[in-house]
*Asks:* 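The following block contains the structure, expressed as structure tokens.
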Amino acid sequence: MMLPANGKAVSTQPQFPAPRSRFPMFSKVLVANRGEIALRVIRACRELGVRSVAVYSDADALAPHVREADAAVHIGPAPSSESYLRGDRVVEAAKQTGAQAIHPGYGFLSEREWFARLVRDAGLVFVGPPAEAIAAMGSKTAARQLVTAAGVPVVPGTTAAVADATEAARVADEFGYPVLLKAAAGGGGKGMRVVHERAELAASLDAARREARNAFGDDAVYVEKYIVGPRHIEIQVLGDHHGTMLSLGERECSVQRRHQKMIEEAPSVAVSPELRGAMGETAVRAARAAGYVNAGTCEFLLDRDGRFYFLEMNTRLQVEHPVTELVTGIDLVQWQLRVAAGERLPFSQESIVPRGWAIECRITSEDAANGFLPSTGRVEYLHLPSGPGVRWDGGIETGSEIGLHYDPMLAKLIVWAPTRDEAVARMHRALLELTVHGIETSREFHLRVMEDEEFRRGAIEIQWLERRLPRLVGEVPADNEVRIAAVAAAVLAMRDRTGRSVASANGRNADASDGGSRGDAATPTDGWKYVARREAIGE
Ligand code: MV4
């Protein structure tokens, strides 16, 4: 492995010629991100015969994305404000290495209008929507006005900020309580306040304004009717520069905690082909209204009566894009690059029909049993799931240091199967195979969700996880209980994985010929040693 030198582009991977000449296409793309999404984009580049340039901070000099790219440029110290958020350095790195385009991934610079402009003004291509489309969807009140004019349903409420508590009370009376106060500059749930009755309104408006001012530097607040118990359904759209805008169907994203999605799936149990068509057409209308090009997502609330309301548009590739890729067969990142290079989308809307079921679990360095406390340390051992229908989009490897500078999401485990039941069983199986030592992860949490009766019925909505969490994570046991449980867990894990008792794995049973392939498991003692080694609780 060649180590990247500070500020210097180094080639670390052989690059084969493109499988066939494809025009138009970039010859080199800079990936302005880190972790699993940087690797995802680098992989798409390599399959297209496009050279990739990574950027990295001090903390990421040895990171997988740096090694896997064809070149890497150091852009600053560990804090993202001094590295991954430094648009000027990113553009400079692209110019220095001869990249023609910049893919921002998600987070960081991906939805900054100024960055999309900076890239364009430098004569480079931003692999994402035009800066104007980012701006059009950036203000939630402006977006509400824009899409309402295009005939897109939004939650009943004001399309502009309210002047004062008197005006807020007037509209709240009109729509009926409870109402939700939202920051005009917001999104992602910051500055939101539920108001149950008129008496609370003035104080809640003050609080919402204060929170909005602190978070966004803008205290404009508007009023919506509060929808109780909806699902969070989003529609993936993909548009080219030649007037084609396609819907790639829905993702069900209701399993979230504090506005952080934990599990996503495609399709949704709540969406019929008819509803999919209607929501898809609506999302395309919203995207067209914003002059959208490239991959984007329209977020909707789907209420208990099957009515849907546009919430906001995410003007980037999303974390959960793989579930859409798996059910549509369309490589979203490849098509982001191809439409950014000017290619036409060759698909017809009628040909895009979800096939089978895909589920994604976000594997984070968080301890769910301790209130999702962030966990730090070194990944001492990593065993990845594989087998039929399993995809791992990861950004870590054995030896990775997990700190607090960046997002706790380490990887995404994604499965595909013909039906939802089979996808849940496959995810459970894949999570059992996953082993991460050295840091706490969300693996056990995801296992418990896959075992949950309500989740298995698809009976989920946006409040489901927080209501169900106590039953999912349980109580923290005492130290001696942990030791006993660890031994028991090792035995059970062995049984889960082999479908046989530990004794049979020792080669004494009639069906033990498979167990013999473990080679060294010849005596009961060896069997126990094997289990202990696998679970790293023994010698
Ligand atoms: C709502 C809502 C209920 N009623 N609007 C949260 C983040 C932002 N995108 C909009 N959000 C919500 N808006 C009305 N009128 C409930 C939420 C909401 C939510 C939405 C999607 C996914 C998760 C959520 C969790 C809590 C609240």
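Quick caveat: nothing in here was measured; it's all calculated off a predicted structure. Numbers here simply count residues along the sequence, with the first being 1. All ligand and atom numbering here is 1-based and tracks the order in the structure.
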*Asks:* When the aromatic ring centroids of Tyr406 and Tyr84 are compared, is their separation below 6.0 Å?
*Replies:*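 Centroid distance Tyr406-Tyr84: below 6.0 Å, so yes.
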*Asks:* Counting from 1, what ligand 1 atoms have a heavy atom of Leu301 closer than 4.0 Å?
*Replies:* 1 (C), 2 (C), 3 (C), 4 (N), 5 (N), 14 (C), 20 (C)
*Asks:* Which of the numbered atoms in ligand 1 are under 4.0 angstrom from any heavy atom belonging to Tyr226?
*Replies:*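 In order of number, 3 (C), 4 (N).
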*Asks:* Let me see the working for Gln236 and His321 under side chain to side chain donor-acceptor pair (under 3.5 Å), right down to the final yes or no.
*Replies:* CA-CA 8 Å; Gln236 176 71 54; His321 74 276; over 6 Å; no
*Asks:* What distance separates Tyr106 OH from Asn33 CG, expressed to the nearest 0.5 Å?
*Replies:* 7.0 Å
*Asks:* Starting from atom 4 (N) of ligand 1, what is the nearest protein heavy atom, named by residue and atom, and what distance separates them?
*Replies:* Ile227 N, 3.0 Å
*Asks:* Which of the listed options, Arg258, Glu299, His232, holds the heavy atom that is closest to atom 21 (C) of ligand 1?
*Replies:*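 Of the listed residues, His232 has the closest heavy atom.
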*Asks:* Apply the test side chain to side chain donor-acceptor pair (under 3.5 Å) to residues Thr324 and Arg251: give CA-CA distance (whole Å), side-chain angles for both, the deciding distance (0.1 Å), then the verdict.
*Replies:* CA-CA 7 Å; Thr324 299; Arg251 291 186 287 259; 2.8 Å; yes
*Asks:* Considering Leu180, Asp303, Asn314, Ile233 one by one, which has a heavy atom nearer to atom 1 (C) of ligand 1 than any of the others?
*Replies:*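 Selected option, by shortest heavy-atom distance: Leu180.
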*Asks:* If we ignore angles and hydrogens, is there a donor and acceptor under 3.5 Å between the side chains of Thr159 and Gln145?
*Replies:*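 Not at all, the side chains of Thr159 and Gln145 share no donor-acceptor pair under 3.5 Å.
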*Asks:* For atom 13 (N) of ligand 1, state which one of Lys182, Lys140, Glu461 supplies the nearest heavy atom.
*Replies:* Lys182
*Asks:* Could you list the atoms of ligand 1 found under 4.0 angstrom from a heavy atom of Gln256?
*Replies:*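 Result: 23 (C), 24 (C), 25 (C).
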*Asks:* Under 3.5 Å, is there a donor on one side chain and an acceptor on the other for His428 and Glu451?
*Replies:*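 A donor-acceptor contact under 3.5 Å links the two side chains.
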*Asks:* Any side-chain to backbone donor/acceptor pair from Glu422 onto Thr419? Under 3.5 Å, distance only.
*Replies:* yes
*Asks:* Touching ligand 1 at all, Met192? Heavy atoms, strictly under 4.0 Å?
*Replies:*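 Flag set, Met192 near ligand 1.
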*Asks:* In terms of residue, atom name and distance, what is the protein heavy atom nearest to atom 26 (C) of ligand 1?
*Replies:*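 Checked against all protein heavy atoms, atom 26 (C) of ligand 1 sits closest to His259 CE1, 3.4 Å.
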*Asks:* Nearest heavy atom to atom 15 (N) of ligand 1 wins, so pick from Arg257, Glu234, Lys225, Glu312.
*Replies:* Lys225
*Asks:* For ligand 1, which part of Ile462 has a heavy atom less than 4.0 Å away: the side chain, the backbone, both, or neither?
*Replies:* side chain
*Asks:* Quick one: which ligand 1 atoms are inside 4.0 Å of a heavy atom on Glu224?
*Replies:*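 Under 4.0 Å from Glu224, ligand 1 has these atoms: 5 (N), 14 (C), 15 (N).
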*Asks:* Looking at Leu311, which atoms of ligand 1 are within less than 4.0 Å of one of its heavy atoms?
*Replies:* 10 (C), 13 (N)
*Asks:* Examine distances only and state if a side-chain atom of Arg193 and a backbone atom of Ala208 form a donor-acceptor pair shorter than 3.5 Å.
*Replies:*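 Judged by distance alone, no pair lies under 3.5 Å.
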*Asks:* Trp114 ring centre to Arg117 NZ or CZ under 6.0 Å, with the angle to the axis within 45°?
*Replies:*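 No, cation not above the ring by the 6.0 Å, 45° rule.
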*Asks:* Specify whether Phe455 and Trp464 have parallel, tilted or perpendicular ring planes, treating 30° as the upper limit for parallel and 60° as the lower limit for perpendicular.
*Replies:* tilted
*Asks:* Closest non-hydrogen protein atom to atom 7 (C) of ligand 1, residue and atom name please, with distance?
*Replies:*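 Nearest protein contact, heavy atoms only, for atom 7 (C) of ligand 1 is Gly189 N, 3.4 Å.
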*Asks:* Mind checking whether Lys261 has a heavy atom under 4.0 Å from ligand 1?
*Replies:*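 Outside the 4.0 Å threshold, so no.
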